[in-house]
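Taking it in order: structure first as structure tokens, then the write-up.
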Amino acid sequence: MTQDLAPWASRPDESRGRRYPEQAAPGRTDFQRDRDRIVHSTAFRRLVYKTQVFLNHEGDLFRTRLTHSLEVAQLGRSIARALRLNEDLVEAIALAHDLGHTPFGHAGQDALNACMSDHGGFEHNLQSLRVVDELEERYPQYNGLNLTFETREGILKHCSRANAEKLEAHDPGGVGMRFLDRTQPGMEAQLCNLADEIAYNAHDIDDGVRSGLITLEQLEQVPLFEDFRVQTLAEFPQLQGRRVLYETIRRMLSAQVYDVIEATHAALRKADPHNADEVRHAAHLVQFSEPMRQASVVLKQFLLKNLYRHPQVTQTTLQAQEVVRGLFAAYLADPLQMQAGFAARADTARAVADYIAGMTDRFAAREHERITGLKLLP
Ligand code: MG
């Protein structure tokens with residue numbers, strides 16, 4: 001069970017602990033328990049019906065938030081093992097990192113944030129933390145999943161100064177602190193951030209080509225893709241169709257994984273941290289080499305321009321935002337339209353945001369149709 005951990009890895013026996021102290025579990029570390037709690041949570045199961053880029057009803061083979069999270073966990077664990085980081089912690093953070101996402105992906109988040117502008121705003125990273133700290137109702141003694149500090153630290157990957165100050169006021173020295181004193185999270189949290197990026201860059205190419213919204217010819221402009229496509233065809237000149245795509249993406253993924261391992265080893269040699277806490281006061285350590293970082297930026301810009309802003313994607317985006325806005329207005333005007341537990345809460349706007357954020361794409365679309373009589377999405 002004990003993994004051969006590097007000195008800079010997070011160790012469950014050195015954890016800063018849980019908000020509500022609990023006895024150790026026989027045979028499982030605290031980070032394994034965190035992962036298990038996340039897998040059994042309600043929010044985790046909902047990820048299967050939440051949009052990554054393509055709305056859930058657009059096709060069965062596109063990534064959803066769930067398959068995306070599994071891919072982040074896989075990439076994260078591979079890199080973690082090579083760097084001798086804590087794989088259980090990486091897995092826990094990766095599986096939880098998108099729990100706070102609204103239905104309809106970033107379109108849903110932007111719409112909900114706009115609705116909440118007079119009520120403290122809405123931000124999906126902060127919401128992921130809220131899900132595991134407050135919104136899950138699975139234990140008799142407390143709200144949330146009562147996860148360790150290290151998992152919660154990794155889940156809160158970005159946070160505005162204003163929100164960090166609110167977190168600090170509520171929980172001094174907690175997971176908001178690093179956004180105020182500008183320190184780093186542990187290596188495992190740093191790794192999940194980069195694994196997230198590697199995962200979506202790769203799978204959005206795959207989904208983009210499958211949907212027909214981007215073509216292999218267009219991808220010739222992207223050196224990170226094109227170099228491996230040329231390499232693949234040099235080795236397998238007869239190869240055609242989707243096998244070219246898959247082999248190219250596979251090589252691209254491997255190259256990025258090895259690049260992160262090498263560049264992070266170099267950064268570790270320079271920073272020379274002796275333990276997980278020294279990592280927090282060092283420079284950011286888990287990283288691409290400079291050439292790979294630049295290649296990854298070019299790929300991201302390509303996807304932004306050609307996929308995320310494709311007219312067919314933005315068209316459904318507008319309808320999805322209309323659904324979120326319609327639901328928000330309706331529940332705010334009549335909270336009893338929500339489930340009893342949400343309707344009874346004192347801060348109505350936040351209750352509405354929590355309720356909408358928890359919805360799957362199809363539940364949100366059905367609810368909107370039930371309340372307004374308008375069918376905006378299939
Ligand atoms: Mg993600």
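Here the structure is a predicted model, which means the values were calculated and not measured. Both ligands and their constituent atoms are indexed starting at 1 by order of listing.
Residues Leu224 and Val298 fail the side-chain proximity criterion, which asks for heavy atoms closer than 4.5 Å. A heavy-atom distance below 4.5 Å is found between the side chains of Glu153 and Arg280. Counting only heavy atoms from C-beta outward, the side chains of Asn143 and Asp133 never approach each other to under 4.5 Å.
Asp196 contributes atom OD1 as its closest N/O/S atom to the Mg ion (ligand 1). Taking the Mg ion (ligand 1) as reference, the nearest N/O/S atom within Asp98 carries the name OD2.
Aromatic ring orientation, His124 versus His106: perpendicular (interplanar angle above 60°, classes split at 30° and 60°).
Put simply, the angle at the Mg ion (ligand 1) from NE2 in His68 to NE2 in His97 is close to 90°, to the nearest 10°.
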